[in-house]
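Remember, it's 1-based here, ligands and their atoms both numbered in the order they're listed. This one's a predicted model, so the numbers in the text were calculated from it and none came from an experiment. Note: hydrogens, waters and symmetry copies are ignored here, and every other heavy atom, side chains too, is used.
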Amino acid sequence: MIAIVAESPTPDEPSRDIYFEIKKRGLGVRYLPIQRLSIEISKDGVVVATRRGPLDASIVLVRGLGYVVDFNTLMRRVSTLRIMERTGVVTINPVTSLLLSRDKLESIYLLKNAGIPVPPTVVTEDLYYGYKTAKEMGKIVIKPIQGSRGFGTMLFEDPEQAFQVMRTLLITKNPLYLQKYVEKPNRDIRVIVIDGRPIGCMYRISTSWKTNIAQGAVGVACELTPELEEIAVKATKTLGLIYSGVDIGESGEGYVVFEVNASPDWRGFKQATGLNPATYLVDYVQQIAKR
Ligand SMILES: Nc1ncnc2c1ncn2[C@@H]1O[C@H](COP(=O)(O)OP(=O)(O)O)[C@@H](O)[C@H]1O
Ligand SMILES: [Mg+2]
């Protein structure tokens, strides 16, 4: 049996695509909110339990660990999945990689360390360091250290405005993730990589500097080049991901990777390219299931 796990009580579109693709191939599949996965430890052993009894999944597709989630809850969810991994369940993406890509600091470090071009970035809890950075960088982007879909990402040209926001962020326990604004055309590039292979890419064209589909960008299929392929595959591998959505900007000095998404939404990608990533992903799942 294959389980799909996420936070939402109802599956989002990629989860549904995966669900139906697995079903189509005659394999057992179940969608489960992560809140309903319990661990029971007794004299008889360790069981991953659901309301309907023990979960006998051999593969778990993790589509999310939660969005508005406190540290204790996140730790509980991560530990639950790690215990499953220790008992031999294959998690896709692997839990460690899910956490790495969720953390914009550790992931940008790893990308940089692998020789992948990334925007100049400063991450700090020191307001005065942040202020100095805002003055030096000029146009800066402030991002939530965990976040997606462009939510909460802000652009500042005035260091004084940035200062006031940074101060407020720190008071509310949000470390500062500051990035030099990379001048780019009115678009970025999203490459979907599955099992080491880029399956396609699209431009995300927008009137906003934030080119997320969730921010109103429109997806248009683009041509994969060897350079794009190399960057996207390397970035995915660096974070240990089996599949990903890589966000790439076209700067004056060449490509820069903004981030690597471990649970990419692919509604825009499906529309733009006519490709359904779920078919490629389930090809991989089927391969694993046979082992
Ligand atoms: N440093 C930057 N310079 C220019 N544009 C940026 C920068 N960082 C992010 N963006 C734009 O904002 C979008 C969202 O940023 P990203 O880092 O991918 O975070 P999210 O997790 O919210 O998608 C990117 O796709 C890109 O268009
Ligand atoms: Mg992004």
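Within the structure, ligand 1 lacks Gly249 among the residues with a heavy atom less than 4.0 angstrom away. Residue Arg190 places no heavy atom under 4.0 Å from ligand 1.
Contact annotation: for Asn261 versus ligand 1, there are no heavy atoms closer than 4.0 Å. For Asp247, every heavy-atom contact with ligand 1 shorter than 4.0 Å involves the side chain, none the backbone.
Checked by distance only, ligand 1 and Gly147 come closer than 3.5 Å through their nitrogen or oxygen atoms. At least one N or O atom of Lys180 sits closer than 3.5 Å to an N or O atom of ligand 1.
Ion pairing of Glu7 with Arg77 is present here, as a side-chain N (NZ or NE/NH1/NH2) and a carboxylate O approach within less than 4.0 Å. Glu183 has a carboxylate O that lies under 4.0 Å from a charged side-chain N of Lys139, or vice versa, which qualifies the two as a salt bridge. Between Arg197 and Glu229 there is no salt bridge, since no side-chain N of the basic residue sits under 4.0 Å from a carboxylate O of the acidic one.
Of the candidates Met137, Lys143, Arg204, Lys104, Lys143 brings a heavy atom nearest to atom 8 (N) of ligand 1.
For ligand 1, the atoms lying closer than 4.0 Å to a non-hydrogen atom of Tyr181 are 3 (N), 4 (C), 5 (N).
Among all non-hydrogen protein atoms, the one lying nearest atom 3 (N) of ligand 1 is Val182 N, 2.8 Å. Looking from atom 13 (C) of ligand 1 to the surrounding protein, the closest heavy atom is Asn212 OD1, 3.4 Å. Nearest protein heavy-atom neighbour of atom 22 (O) of ligand 1: Gly150 N, 2.6 Å. Of all protein heavy atoms, the one lying nearest to atom 20 (P) of ligand 1 is Glu259 OE2, 3.2 Å. The nearest protein atom to atom 27 (O) of ligand 1, hydrogens excluded, is given as Thr211 OG1, 2.6 Å; this is a heavy-atom distance. The nearest protein atom to atom 25 (O) of ligand 1, hydrogens excluded, is given as Asp188 OD2, 2.7 Å; this is a heavy-atom distance. Lys184 NZ, 3.0 Å is the protein heavy atom nearest to atom 5 (N) of ligand 1. Here the heavy atom of the protein found nearest to atom 10 (N) of ligand 1 is Trp209 CZ3, 3.7 Å.
Donor-acceptor pairing under 3.5 Å is recorded for the side chains of Tyr131 and Glu160. Side-chain contact check for Ser208 and Gln215: no donor-acceptor pair (N or O, by modelled atom type) lies under 3.5 Å.
Within 6.0 Å of CZ in Arg167 there are 12 or fewer heavy atoms belonging to other residues, nucleotides or ligands. The environment of CD in Gln35 is crowded: more than 12 heavy-atom neighbours from other residues, nucleotides or ligands sit within 6.0 Å. With a 6.0 Å radius and a threshold of 12 heavy atoms from other residues, nucleotides or ligands, Tyr31 has its OH atom above the threshold.
Residue Arg63 forms a side-chain contact (heavy atoms from CB on, under 4.5 Å) with just one option from Ile18, Leu98, Val5, and that option is Ile18.
Relative to the six-membered ring of Tyr109, Lys112 misses at least one condition, a distance below 6.0 Å or an angle of at most 45° to the axis.
Here the straight-line distance linking atom CG of Leu55 with atom CZ of Arg30 works out to 6.0 Å at 0.5 Å rounding.
Residue Asp247 approaches the Mg ion (ligand 2) most closely through its N/O/S atom OD2. The nearest N/O/S atom of Glu259 to the Mg ion (ligand 2) is OE2.
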